[in-house]
Amino acid sequence: MPDLPKAYTPHEVEGAIYDRWLAADVFAPDGKGSTADPTLPPFTIIQPPPNITGSLHLGHAQRTAVEDLMIRHARMRGHRALFLPGLDHASIAAQFVLDGILAKEGEDRQSLGRERYLERMRAFVATTREVMLVQQRRVGASADWGRLRYTMDDRSAKAVRTAFERLYRADLAYRTEALVNWCPGCRTSVSDLEVIATPETGTLWSVRYHLVDAATGRPEPDAGIVVATTRPETILGDTAVAVHPDDPRYAALVGRLVRVPFVERDVPVIADPVVDPAFGTGAVKITPAHDPQDYATGLRHGLAAPTILGDDASVTGTGTRFDGMDRYEARAAMVAELETRGDLVVAIPHDMVIGRCQRSNDVIEPRLKTQWFIRTTPLAERALEATRAGRTRILPERFEKTWEHWLTNIRDWNVSRQLWWGHRIPAWYCPDGHVTVSSAETGPDACEVCGRPAAALTQDPDIFDTWFSSGLWPFSTLGWPDDTDDYRAYYPTSVMETGYDIIFFWVARMMMLGLELTGREPFHTVYLSGLIRDPAGQKMSKTKGNVVDPLGVIDESGADALRFAVIHGATPGNDQRFGPVKLEHARNFANKLWNATRYVVGARPATIPEGAERRLPDERHLGPAERWLRSRAAATTAAVDEAMSGFAFGEVTRLVYEAIWDEYCDWGLEFAKVRLTDPGTSADEREATWWTLVEVLDTYLRLLHPVMPFVTEALWGGLPHRAGDPELLIVARWPGVGERDAAAESEIGALIELVGEIRNARASAKLPAGDWLETLVHVPVALGPTFEALRPAIERLARARPLERELTPEALAAVSRPGDLTVIVGGGEIEATIRPATGHAEMGALERERLERELADAEGWLSAARDRLANDSFVSRAPAAVVEGARAREAELADQVTRLRDRLGR
RNA sequence: GGGCGAUUGGCUCAGUCGGUUAGAGCGCACGGUUCACAUCCGUGAGGUCACUGGUUCGAAUCCAGUAUCGCCCACCA
């Protein structure tokens, strides 16, 4: 039983404890220090791997806190609890960060070349990796570091290759030319999810295309069709003009040719229902290679699709003077020239939605590219089936609607990226264009179509979307595709905890790929956390400068406070504001717990030797306060269990906080102080009291451990333990639910109320807080023994001395004097009279005011209660228990009103 | 254009199955220097639960609608 330092200093407490856990080898479910029960099912959380691009932010700390809470709870419950940590190589995000660093050095991707660039990247992530691992330890993550995984390690690479080959063989991965989202800044295609629709005001230009004279083949100067466009530069790629088939204005023109300016190409006027006659001029230019809708139209009409933009979004291959110009430069030049030609009819401001790159904020250009796609429809169907059948549930439930909507309208997933940092696509092409996909580490031996040797084949230069490897995470981390022990033991996993902002990016992909590749749902529960915002409700971001470094917070207030603060009062799926106030609240709580434990440790009766093994209190010597404490601990444990099983972690902290502060400290310790020092208490009783304090505190430390692991571990180490307890709380057993004692709860509850009412009466009468005042109390006979047992404590807590007990209300009334203060508790069963030291011949004005207020309140409630009971439908339709409760309430209120009236002389 | 969420005391938020008097922290007012804790203790004030209608014996809670704010999804040039 080491002495606890007087002051609570989180920094000192936390540093030593993490090392003790590590040394004891308790994090791994199969570690030396594990106390897991092998007959129980395992509990697995695979950590959402943070991007290796920098340091962790508060959101990560929050997620880790929630995940670790669940893991610690499961571990204490005796499950083999596996918390598998990891890191994500974050392909495009990492390149974006590194490119920024390189730019400052005057270098870029092209100047370095692929090999040197990747070397730089490896060096970069080697440094960030260490920072991130330290951060996680500081937060207290009880993760199995021996199983740490990385999305770019060899085993992930194997999983990626195998997954892709299987999808390819199952016709779920295919290569085709299609319109993709091109980011000119990142020089890669991105998926639909990475395109952010941004409302902006642009310009809608109306441009005249001249009709071509069928006879001469020349444009007619005065006859034309006016089209509307927001992107004039795409004129260079036009291969048709479309109108609605039923539009009478243009019916005669359908089938005619018009001349596209600049490229001076003659293209047909076609009729297609996709055109909205009400928009713009009702005529649309069609640029199949640079607009999704036009692409579809082009396919329907067999139009050519010339590409006019290069990788950097400059105009290319049009044979015009605009070649080489940036897209916006070309736009301006073309608009100017159209105006000179007199073919610019009008330009009006136009509200529209522009797609921008999630990463670089560049305007996305749709472009035709040959890329790999994942066929998502069949995968999505299985994912939907899993959630609809309840085999995987999503919390909070409302996200199932979002999930349904997205998966029902899903489009194929472009997984090729023209980047370098990531898993290379394991596809090889032979000179004849045959495709060979191979998961072999060294690639294929030969073209699988024509048998050409490997030397003649070239591998696809592209890499996978980073979310492809992330999508394999729940099983690639456990050894898949190999049939490993871990895979057999821990897959499928238990809970996937992550932010709701990546439900599509990540959760849906894990579900789709997991079902297809392993045949099982990768997790039973998806728990979606809300986002952490700053105190003003703003999303935290580096550009806003309002990000909070978790390490700074931990240094100042401790990881326990941080964890408590992000869990307390938060509900799944709802954002929360985070600031110093919440942190202070949490730290104060840790401090309270610290001091309470210090008191208990120091209050050990002399008859119990230091270092004694923990005993249960001797039931024969328990007083009512002790029975109350134990009963409340049982109630709290049961409530915590229920909250835990419902993933209501904010409720867990609320329950334990209240039990510790408002019950254990405010009343339990105060009652105990008196009993432990009162000369009337026997040695046996003292021991029973102290062992009760120890027992209940032990329970609360266990309940709180998953939330505040460090301080609870430290304090638990200072308490006596039971014979079968392990060295460390982290592997101690979760408390069982003890028996409730209804009588103790209601009796102590009434006496607590009595003390409160006495204090209230004294404060309202503005009597000096420190004075001991003669107090006369009447309590019902049934409450007598409890009252007597707690009499010394009530005296002290109410500063009521001498404290006389009157056996009947009449006796109390007989000895009361007009200047006394009156206290009526609850239903009026307990009454007290307080005699001011100075003595008054009549009731003071303040006292009268207070009683009048109480009377008015009581009368209000009484009439409400009577109204309810006067209602026949209430009496006949409400459950009997509710009606009975209402009757009892009415009787209590009536009694209270009578007594207050008596006292006020009415 | 669809979908979702939020709206509860001055502020930030809980409130599970509809059921006695809607809770907490902070802030505020008043009072506390004795032996766990001033990172503390005691007392108090402060809410027509956004609005309108409905269901029900009973609604912060369920239903419909309205308003404000926020988020997600969405290929009208």
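Here is the naming used below: chain letters follow the sequence lines, and residue numbers restart at 1 for every chain. Small disclaimer: the values here were computed from a predicted structure and weren't measured.
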request  = Determine the interplanar angle of the A:Phe504 and A:Trp406 rings, folded into 0 to 90°, and report it as parallel if under 30°, tilted if 30 to 60°, perpendicular if over 60°.
outcome  = parallel

task = For A:Ser873 and for A:Trp661, find the nucleotide of RNA chain B with the closest heavy atom, then tell me which residue's nucleotide is more 5'.
result = A:Trp661

Nearest-angstrom distance, C1' atom, B:A67 to B:U39 = 43 Å

query = Looking at B:A36, does its base get a donor-acceptor pair with the side chain of A:Glu670 below 3.5 Å?
reply = yes

ask   = Atom CZ of A:Phe505 and atom CG of A:Leu193: how far apart are they, to the nearest 0.5 Å?
value = 4.5 Å

request  = Taking atom C1' in both B:C17 and B:G42, compute the distance separating them and give it to the nearest angstrom.
outcome  = 37 Å

request  = Can you check whether any acceptor in the base of B:A36 is under 3.5 Å from a donor in the side chain of A:Lys6, or vice versa?
outcome  = no

key: Whole angstrom value for the distance that separates P of B:G31 from CZ of A:Arg799   = 17 Å

key: Side chain of A:Thr402 - closest among B:A77, B:A74, B:C72   = B:C72

ask   = Hey, does A:Val566 have a side-chain heavy atom less than 4.5 Å from the side chain of A:Gln576?
value = yes

ask   = Between B:C30, B:U39, B:A36, which nucleotide gets closest to the side-chain atoms of A:Lys766?
value = B:C30

request  = Report the nucleotide, chosen from B:C73, B:U20, B:A77, that has the shortest atom-to-atom distance to any side-chain atom of A:Arg889.
outcome  = B:U20

request  = Provide the distance between the two C1' atoms, one in B:G27 and one in B:G44, to the nearest whole Å.
outcome  = 14 Å

Which nucleotide in B:G31, B:U39, B:A36 has an atom nearest any side-chain atom of A:Arg587 = B:U39

query = Which nucleotide sits closest to the side chain of A:Val882: B:C37, B:A14, B:G19?
reply = B:G19

query = Without hydrogens or angle criteria, can the side chains of A:Asp351 and A:Thr201 be said to hold a donor-acceptor pair below 3.5 Å?
reply = yes

Side-chain donor/acceptor contact of A:Lys401 with base of B:C4 under 3.5 Å = no

ask   = Considering only side-chain heavy atoms of A:Ala197, which listed nucleotide, B:C41, B:A74, B:U12, is closest?
value = B:A74

query = Think A:Arg654 has a side-chain N or O under 4.0 angstrom from the OP1 or OP2 of B:A24?
reply = no

ask   = Between B:A36, B:U39, B:C72, which nucleotide has the shortest distance from any of its atoms to the side chain of A:Asn595?
value = B:A36

query = From the list B:U39, B:U21, B:A77, which nucleotide is the closest neighbour of the side chain of A:Val284?
reply = B:A77

ask   = Considering only B:A14, B:C37, B:A77, which nucleotide approaches the side chain of A:Asn574 most closely?
value = B:A14

request  = Look at the side chain of A:Glu651 and decide which nucleotide, out of B:U21, B:U16, B:C41, has an atom nearest to it.
outcome  = B:U16

key: Side chains of A:Asp857 and A:Gln896 in contact at under 4.5 Å (non-hydrogen atoms)   = no

key: Residue closer to the 5' end of RNA chain B, A:Pro879 versus A:Ala643 (nearest nucleotide)   = A:Ala643

query = Taking atom C1' of B:A77 as reference, at what distance in whole Å does atom NZ of A:Lys285 sit?
reply = 8 Å

